[in-house]
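Have a look at the structure below, then the notes.
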Amino acid sequence: MSSALALRDAVLDEGSFRSWDSAPLQVAESDSYRAELAAAAVKSGLDESVLTGEGTVFGRRVAVLACEFDFLAGSIGVAAAERITAAVTRATAERLPLLASPASGGTRMQEGTVAFLQMVKIAAAVELHKREHLPYIVYLRHPTTGGVFASWGSLGHVTAAEPGALIGFLGPRVYEHLYGEKFPPGVQTAENLYRHGVIDGVVALDALRAVLGRTLGVICDPPGPPPPVPFTADTPDIPAWDSVLASRRPDRPGAEYVLRYGATDPVVLSATGGQERSDPGIKHGTSTGQTLVALARFGGQPAVVLGQRRLGMLGPEALRGARRGMALAAGLRLPLVSFIDTAGPALSADAEQGGLAGEIARCLAELVTLEVPTVSVLLGQGSGGPALAMVPADRVLAAQHGWLAPLPPEGASAIVFRDTEHAPELSAAQGIRSKDLLRNGIVDAIVPELPDAADEPMEFTTRLSATIAGELHRLRTMSGIERLGTRLHRFRKIGLPG
């Protein structure tokens, strides 16, 4: 269990902290409660269960609020809530990113329902901070339960937790007394919540400063200068079926490869709940779920990144993960880069009952109307609804062997010819290859493969990253109204004569 002071000192530049705290409100109405407060102050060395202030992280100004569990179990009453709300409001007014680090049993029972309702004003202040497109980053410490976890502890743009931390809505001791049995072991742990996508990662306190620095670097630092013009070449007239086969090579670089080797210090986040994961999260470009969500920079240009799992069939959870990335981009006012590489939708009872069609529809509608710059990249296979849902961006790029089709060519052949042998013929007839997509105004630029990205992954990734960076820089020069209007007009006219 780490203290609030340890958290402060581990994260901030040495000597940079300035307290924002004034004397806490005097709310105790009984001698016994006053005695408890006095004893808690002696035990913790603090005057309330939370400290607030500001400092710097690698020179960047950051607002900080941290609970102290040794002060009445980090519980939140009126005085603590007022201190938190004032700090959040000040961070918003001064346009500072905010790091919140709960370690709390929840509501202060000595103050009852009045204390319980304090979570409302804290949540309101946090939401107003986020509506100003200011970062809200949460680091959950051991333990975090109750109303704190169910309000401002669960509203982060990015959320991590310390290893082994007890995190849950209902504390295990309360559960045992209420229901006469122990809470199932291993559920309310940071590691288990990460595996289920509830939080973005498990980060040791001594590593938090570096993770926070990378995160703020993407979100807060200004874009770099325009990147050099990437290598271009005429696209050879390759049969569509050759591109389909190339896109299915197991050694072809996917979104994770591009993120790891073509981006600067990516911060990989959790895509969505329900995806079992085993890596520790918030790291340099690894995700085990169906959808990759990350913060990263391409050639100095910041972005939220979405990626689809190579060679996999995507279900509704993958699309919910994509929508999380879209919401993050909108909330932080960052461009969105989407990598499309999917063999198609998961065809199963679970997918149907999980609302796959609705998730595709919502993804499609949200992406085409997103108010931030968007770039989509046909990295490989672009089959079916999950691919379509990620296409409608301001700029659409395609790897030379990337393709887009309503169904995999074998599926189209099954419909038209009642066999799969005509797949090569159908892939040519449907105009699915990158060169056809460029001619039809679906794709804006093709990134060459010389001759196949699987044979030159680093060189291809360098070209692709430079192309993405150039597009992001160009889109930043357009107004939001112009950008959205151009995007909507572009997709309305696809397929129309003239």
Side-chain angles (χ1 to χ4, degrees), residues 1-4 7 33 36 40 44 48-50 65-81 83-85 88 100-127 136-203 270 272-277 281 317 320 324:
M1 182 188 300
S2 57
S3 70
L7 178 282
Y33 185 21
E36 287 185 79
S44 66
E48 245 302 341
S49 63
V50 62
L65 66 90
C67 287
E68 176 51 65
F69 195 79
D70 279 349
F71 194 106
L72 296 181
S75 58
I76 304 301
V78 172
R83 179 173 285 183
I84 292 169
T85 304
V88 176
S101 184
S104 173
T107 299
R108 188 166 297 174
M109 292 297 106
Q110 293 89 334
E111 297 179 30
T113 301
V114 168
F116 184 42
L117 267 291
Q118 299 304 303
M119 306 305 171
V120 176
K121 72 181 182 186
I122 299 173
V126 167
E127 180 61 21
Y136 179 62
I137 299 169
V138 175
Y139 183 63
L140 303 168
R141 298 178 2 258
H142 175 74
T144 300
T145 62
V148 169
F149 184 46
S151 58
W152 54 282
S154 292
L155 294 175
H157 288 115
V158 177
T159 303
E162 67 177 349
L166 168 67
I167 300 169
F169 178 56
L170 189 62
R173 184 174 63 181
V174 176
Y175 180 92
E176 184 175 353
H177 281 280
L178 286 176
Y179 301 109
E181 60 184 22
K182 291 186 179 298
F183 197 84
V187 173
Q188 295 178 312
T189 65
E191 289 78 6
N192 186 57
L193 294 185
Y194 171 70
R195 283 192 294 270
H196 285 81
V198 177
I199 61 176
D200 292 310
V202 179
V203 179
S270 172
T272 179
Q275 291 300 316
E276 290 287 338
R277 306 178 66 166
E317 288 293 343
R320 281 191 275 273
R324 190 249 165 137

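Since we're looking at a predicted model, the values are computed, not measured.
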Next item on the list: For the pair Glu181 and Glu176, evaluate side chain to side chain contact (heavy atoms under 4.5 Å, CB included) and give the outcome as yes or no after the intermediate values.
Entry: CA-CA 5 Å; Glu181 60 184 22; Glu176 184 175 353; over 6 Å; no

- Item | CA sep, side-chain torsions, deciding dist, call: Val88, Leu65, side chain to side chain contact (heavy atoms under 4.5 Å, CB included) | CA-CA 8 Å; Val88 176; Leu65 66 90; 3.9 Å; yes

Tightest non-hydrogen contact, residues Gly186 and Asn192, listed as O-CB, 3.2 Å

Determine whether Glu162 and Arg141 satisfy the following criterion, salt bridge (charged side-chain N to carboxylate O under 4.0 Å, His left out), listing intermediate values before the conclusion. CA-CA 6 Å; Glu162 67 177 349; Arg141 298 178 2 258; 5.2 Å; no

>> Whether the side chain of His157 engages the backbone of Tyr136 through a donor-acceptor N/O pair (distance < 3.5 Å, no angle test) should be reported.
In response: yes

query: Can you check side chain to side chain contact (heavy atoms under 4.5 Å, CB included) on Gln188 and Ile167, steps first, answer last?
result: CA-CA 5 Å; Gln188 295 178 312; Ile167 300 169; 5.9 Å; no

After noting the C-alpha distance and the side-chain angles of Ile122 and Ile76, does the key distance pass the side chain to side chain contact (heavy atoms under 4.5 Å, CB included) rule?
-> CA-CA 10 Å; Ile122 299 173; Ile76 304 301; 4.2 Å; yes

Test your reading of the model: is there a side-chain donor-acceptor pair from Thr189 to the backbone of Leu166, 3.5 Å cut-off? no

Scanning both residues in full, the closest heavy-atom pair of Leu72 with Ala40 reads CG-CB, 3.9 Å

Closest non-hydrogen atoms of Ala160 and Val203, given as atom of the first, atom of the second and distance, are CB-CG2, 4.0 Å

### Short side-chain donor-acceptor distance under 3.5 Å, Ser49 and Arg108
yes

Using modelled atom types and a 3.5 Å cut-off, is there a donor and acceptor pairing between side-chain atoms of Thr144 and backbone atoms of Leu140?
no

In terms of heavy-atom contacts, Ser3 and Glu68 come closest through CB-OE1, 3.3 Å

In this structure, OH of Tyr139 is separated from OG1 of Thr159 (nearest 0.5 Å) by 12.5 Å

With distance as the sole test, does Ser44 use its side chain to make a donor-acceptor pair with the main-chain N or O of Phe71 at under 3.5 Å? no

Looking only at heavy atoms, the pair that brings Ser270 and Ile199 closest together is CB-O, 3.3 Å

Value for NZ (Lys121) from CD1 (Ile84), rounded to nearest 0.5 Å, stands at 9.5 Å

Residues Val138 and Trp152: closest non-hydrogen pair is CG2-O, 4.0 Å

Decide if atom CZ of Phe116 counts as having more than 12 heavy atoms of other residues, nucleotides or ligands within a radius under 6.0 Å.
no

### Check: Met109 main-chain N/O paired with Thr107 side-chain donor or acceptor under 3.5 Å
no

*Any donor-acceptor pair under 3.5 Å from Glu191 side chain to Gly164 backbone*: yes

In this structure, CG of Leu178 is separated from CG of Leu170 (nearest 0.5 Å) by 6.5 Å

dist Gln110:CD -> Tyr33:OH (nearest 0.5 Å) comes out at 5.5 Å

Output for pair (Phe69 CZ, Ser104 OG), nearest 0.5 Å, gives 7.5 Å

CD of Glu317 to CZ of Arg324, rounded to nearest 0.5 Å, is 13.5 Å

